[in-house]
Visitor: 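Below is a structure I'd like to ask you about.
Computed from a predicted structure; not experimentally measured.
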Amino acid sequence: MAEQSEAPNLLHGILEVTVFEARHLHHALHGGIIQVMTEKIEKTLHLNVEHSNLYATIDVGTARVARTREIEFHPNNPVWNESFRVYVAHSSPDITISVKNQELVDADILGQATVSTSRILSGDLVKDWFELHSEDTHKLHKHKATILAQLQYFDVHADPRWNSGIHLPQFNGVSNCYFPQRTNCNMTLYQNSHLSNRFEPDLQLPNGSSYNPPRLWEELYNSINHAKHFIYVAGWSVDTKITLVRDPERMIPGAEGVTIGELLKRKAEEGVTVLVMAWQDRTSMSFLGNPGLMETHDEETYTFFEESKVKCFLCPRNADKSLTAVQTIEVSWEFTHHQKTVTLDVADENGEGRHVVSFVGGVDICDGRYDDENHTLFRNLDTTYLNDFQQKNFPHADLEHGGPRESWHDVHSRLEGPAAWDVLTNFQQRWKQQAPSEIHHCLLEVTEETFPNPTWFDKQELWNIQVFRSIDDASVVDFPSDPAEASKLGLISRKGVTIDQSIHSGYIEAIRRAKRFIYIENQYFFGSCYAWKEEQDCGCLNLVPIEIALKIASKIRNGERFAAYIVTPMWPEGEPEGETVQAILLWNRLTMEMMYGIIAKAIVDAGLSGKAHPCDFLNFFCLGNREVKANGEYVPPERPEEGTNYLRAQTNRRFLIYVHAKLMIVDDEYVIVGSANLNERSLAGDRDSEIAHGSYQPSYLNGQHSFACGQVHLFRMSIWYEHFMGQYTNLISQVFLEPESLECVRTVRKIAEKLWDLFIGDIIVDLPGHLLPFPVKVLESGDLLDLPKDGLFPDTNAPVKGEKALKLPSLLTT
């Protein structure tokens, strides 16, 4: 059962619902405006449609948690027989089951049944004919319309996985997922696309040897360069003009100046099957000189490969055929294919065979992504960044006008073993669904007989890996259309669309298992809008933020330590005063307020008022840099316009480091890496398509009297070394081995605050670290104030708290 001090109507756990059938629905249509309007539309458009389709929805409070498929109208008893297993973290006195009539443009509610939350809190199975009322709670007819449904609630505190960490052999990954957990895998974790030779974190492996962080783009170049059979690339953006290897101190022979486009063409000429599937931005029209809203170079990429042996097509984000015209436009024009994968064959360590490797993560193979641990703003602009200067936060910013460049922090991974094949399957399913007919057949036949999984890995270092996705059946083949069959594969059905939402599931399950701490880096972080103070109907329903807040609240009430560290950009990429950026900042602010409010209440409930602060448990950070002008530094020939953010940032020689990573580390034993942001676009499954994985090393788990000390722990420490520990070598001590401890939380916070003072100070310095507090002040009540006195981000006129968009739909920005 739920803890006594939690909200009395809190549903936190799993809700299983089955909607069977409805009776006497014809009474809801007789004489109604629905029928009249339908007849008028049919007559005007010369249609001969007997009836529209019916479906049912399940809402907990204001949050839609499930929706049946649409079925043809039946005058007496439409039958769905559809079941749902739903994660819930909602407070509401009621659950509402609605029956709706899908019209050509919109849907009308035929009737609603209300089920009291108190009726299911005990966990007993409730199956009943529930009376349907109109929206104003009046009965529909003297012959009452009813719906047969079954509900059962499973409280999270009764789940043996709650607060359990990973225990073997019981833990088999996230259940009900399309891809199961795979064993006997290998994984490499990368921070940024590159690291310089001077990045040497003082960390030791369990065997006593020094930790040597790998370099992503060097290893990607070598893997592509030595592929013999196939190279499959899927990307949000693939820019053929960028070079992967640039560091003169680490130059790979033959790699200098070689662009990714030239490299892929060369491999195709050698007889390697090279397939490139880049997202088609429908707003880009190169023949009109329009690069598109996202500037992904998609048309340039297609043109570059058009006359070569590389098979390339631009992959649109198509909508499922079952959607309405309006929904089709929304999906096709507002959402993207956001996966970033490269799958290819590499040589076994002994050189006797070849096996499949998949690169997965947040790093796009495009401009602006090359960076190392220094995240320079003004240096190397005429060398390393001569042909790759990116700054999308100021209008008209370019190399001619000088820095600051937009530095980039990201995370990626390399998979070997059975999990790499799941990434391959994802590519194959997408290619078969959307590739044009003339290249549809180009997939190479890749089998485990010809590319057997390697067996030479050190068993002590093996990984268990589970691949997750956000994707629907408009983008992949082999998803069953029958809801019952889809459910067996961990898929859900909504609006007639079959959806894989397993990234969302993976995050929820990992947070619920967490015992010690959570560390997150993500480009966006907002959700659980039904619990916000305002804008509860914006549609950003993912549970990640509220799950973290409820986890912390539970720990506080139980007298246990727990900490969450969340690192996001200072603001989303774009002009900070712009409507899109301000709207996203508002979602972020409302999310933070909701989380801190839950934690502050738990502190009061535990009798810790005046003794504990919400920031003792939850902290938000961002990254930034500041640089003194160096000798021999590039001098731009032009000067930014007076009075602009660009000139102010250049004069003060400071700017944010853009956090593009999609990373969560739990208890130093489990890690999620992928392409998915923590927003509704990335987690809903029927918006942006995404791929990620949840992974751990069975040999390096937390014990009763010991902490996990494997690659997940070392990767977290290496990232912290990049962000702040590198300049504070005297701090590399026990304190950072226990991120959940109050000493660690306050130490990290203190370092970030000192760096903030240097970042905004009048004296320009080389910033001795990059971790900054997100610019808000948290009160003991959980309320937020702006950290800057004027409420604006440094060097801008942009409010930190964000503003509601007047023109943009929330569907686009959530």
Visitor: Is Y302 atom OH crowded by more than 12 heavy atoms from other residues, nucleotides or ligands, each under 6.0 Å away?
Guide: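 No, not enclosed.
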Visitor: Can you find a side-chain donor-acceptor pair between N426 and Q339 that sits under 3.5 Å?
Guide: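 On atom types as modelled, these side chains qualify, holding a pair under 3.5 Å.
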Visitor: Name the residue from W571, F793, Y646 that meets the ring pair (Phe, Tyr, Trp, His ring centres under 6.0 Å) definition with F655.
Guide: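 Going through the options one by one, the only one that passes is W571.
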Visitor: Do H337 and N318 make a side-chain contact, defined as non-hydrogen atoms from C-beta onward lying under 4.5 Å apart?
Guide: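 Of all side-chain heavy-atom pairs linking N318 with H337, none is under 4.5 Å.
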Visitor: Please tell me if the side chains of H194 and W217 come closer than 4.5 Å, counting only heavy atoms from C-beta onward.
Guide: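 The answer is no, as the side chains (C-beta and beyond) never meet within the 4.5 Å cut-off.
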Visitor: Provide the closest heavy-atom pair for P640 versus Q650 in the form atom of the first, atom of the second, distance.
Guide: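 Where P640 meets Q650 most closely, the heavy atoms are CD-OE1, 3.3 Å.
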Visitor: Quick one: are I260 and I224 in side-chain contact, heavy atoms under 4.5 Å?
Guide: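 Touching, per the 4.5 Å side-chain cut-off.
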Visitor: Taking the side chain as every heavy atom from C-beta outward, state whether N679 and I584 have any atom pair closer than 4.5 Å.
Guide: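 Not touching, per the 4.5 Å side-chain cut-off.
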Visitor: Hey, are the side chains of P452 and H355 touching, using non-hydrogen atoms and a 4.5 Å cut-off?
Guide: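 The answer is no, as the side chains (C-beta and beyond) never meet within the 4.5 Å cut-off.
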Visitor: Do N522 and L663 touch side chain to side chain, with heavy atoms closer than 4.5 Å?
Guide: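 They are not in contact (no side-chain heavy atoms under 4.5 Å apart), so the answer is no.
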Visitor: Using a distance-only test with no angle check, is there a side-chain donor-acceptor pair under 3.5 angstrom linking R266 and N225?
Guide: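 Yes, N225 and R266 have a side-chain donor paired with an acceptor closer than 3.5 Å.
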Visitor: Is it the case that K662 and N677 place a side-chain donor and acceptor less than 3.5 Å from each other?
Guide: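 Looking only at side-chain atoms, N677 and K662 do form a donor-acceptor pair, the distance falling under 3.5 Å.
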Visitor: Using a cut-off of 6.0 Å, state whether more than 12 heavy atoms not belonging to E270 lie near its atom CD.
Guide: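 Result for CD/E270: enclosed.
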Visitor: For ring pair (Phe, Tyr, Trp, His ring centres under 6.0 Å), just list the numbers for H409 and H770, CA-CA rounded to whole Å, side-chain angles, deciding distance to a tenth of an Å, and then say yes or no.
Guide: CA-CA 11 Å; H409 173 71; H770 299 138; 9.2 Å; no
Visitor: Check the side chains of T376 and E627 for a donor-acceptor pair under 3.5 angstrom, ignoring hydrogens and angles.
Guide: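 Yes, a side-chain donor-acceptor pair sits under 3.5 Å.
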Visitor: Could you check whether E579 pairs with K807 (Lys NZ or Arg NE/NH1/NH2 to Asp/Glu carboxylate O, under 4.0 Å)?
Guide: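 A salt bridge is absent here (no side-chain N lies under 4.0 Å from a carboxylate O).
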Visitor: Counting only heavy atoms not in K392 (residues, nucleotides, ligands), do more than 12 fall under 6.0 Å from its NZ?
Guide: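 Yes, because the 6.0 Å sphere around NZ of K392 holds more than 12 heavy atoms from other groups.
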Visitor: Within the side chain of E633, is there an N or O that forms a donor-acceptor pair under 3.5 Å with the backbone of A630?
Guide: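 Side chain of E633 to backbone of A630, a donor-acceptor pair under 3.5 Å: yes, one is there.
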Visitor: Within 45° of the six-membered ring axis of Y178 and under 6.0 Å from that ring's centre, is NZ or CZ of R469 located there?
Guide: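 Yes - R469 lies over the ring of Y178, closer than 6.0 Å to its centre and within 45° of its axis.
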Visitor: If you define the side chain from C-beta out and look only at heavy atoms, does anything of L443 sit under 4.5 Å from K432?
Guide: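 Yes, at least one pair of side-chain atoms sits under 4.5 Å.
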Visitor: Does the side chain of Y658 come under 3.5 Å of the side chain of Q390 through a donor N or O and an acceptor N or O?
Guide: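 Their side chains do not contain a donor-acceptor pair, so the 3.5 Å distance test is not met.
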